Amino acid sequence: IAESIVAAVEPEKCAVCLTCVRACPFGIPFINDEGSAEIKPVLCQGCGTCVSECPGKAIELQHYRDEQILAKCEKIVKEAN
């Protein structure tokens, strides 16, 4: 069963720099026929390495988008004050 925490590429942001292909410890990302990086959800291990290495921010972990993380951080800071 595939986990729901997997990386997804936004093709329109992908510069085809191959950073994700080189960085992934599992060798999952590849360049598809449309000319952008692609990650098969059933193969992705959800480690987030490609997400952190992508210079164009074209890859996000599902359920861990930047906006979601920032919102959680803001709430923690507000509750701490």
Side-chain angles (χ1 to χ4, degrees):
I1 298 174
E3 291 290 328
S4 63
I5 300 172
V6 296
V9 178
E10 292 183 55
E12 62 278 356
K13 291 184 178 180
C14 180
V16 196
C17 65
L18 301 176
T19 301
C20 59
V21 174
R22 294 182 187 115
C24 178
F26 303 101
I28 305 305
F30 65 96
I31 305 305
N32 63 25
D33 293 338
E34 286 78 40
S36 67
E38 184 175 335
I39 299 168
K40 299 283 186 191
V42 297
L43 299 176
C44 180
Q45 301 296 303
C47 71
T49 302
C50 60
V51 177
S52 64
E53 294 292 325
C54 180
K57 296 191 179 280
I59 308 172
E60 288 187 326
L61 278 179
Q62 293 180 354
H63 309 296
Y64 287 91
R65 293 189 336 264
D66 289 348
E67 300 84 30
Q68 291 170 310
I69 301 297
L70 290 172
K72 288 179 183 183
C73 291
E74 288 173 5
K75 183 171 180 165
I76 289 170
V77 169
K78 284 180 184 177
E79 289 178 359
N81 291 330

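Side chains are part of it too, since the values below use all heavy atoms of this structure and drop only hydrogens, waters and symmetry mates. Just so we're clear, the structure is a prediction, and the values are computed from it rather than from any experiment.
- Residues I5 and L70 are members of separate hydrophobic clusters, defined by side-chain heavy-atom contacts under 4.5 angstrom among Ile, Leu, Val, Met, Phe, Trp and Tyr.
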Quick one: side chains of residues 57-67, donor-acceptor pairs under 3.5 Å with protein atoms, not counting sequence neighbours, listed by atom name and distance.
from	atom 1	to	atom 2	distance (Å)
R65	NE	E67	OE1	3.3

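- Residue pairs meeting the side-chain hydrogen bond (donor to acceptor under 3.5 Å, both in side chains) criterion with at least one partner in residues 70-81, sequence neighbours excluded, do not occur; the list is empty.
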Under 3.5 Å donor-acceptor pairs involving side-chain atoms of residues 12-38, not counting sequence neighbours:
from	atom 1	to	atom 2	distance (Å)
R22	NH1	C17	O	3.3
N32	OD1	E34	N	3.0
N32	OD1	G35	N	3.1
N32	OD1	S36	N	3.2
N32	ND2	E38	OE1	3.0
E38	OE2	K40	NZ	3.2

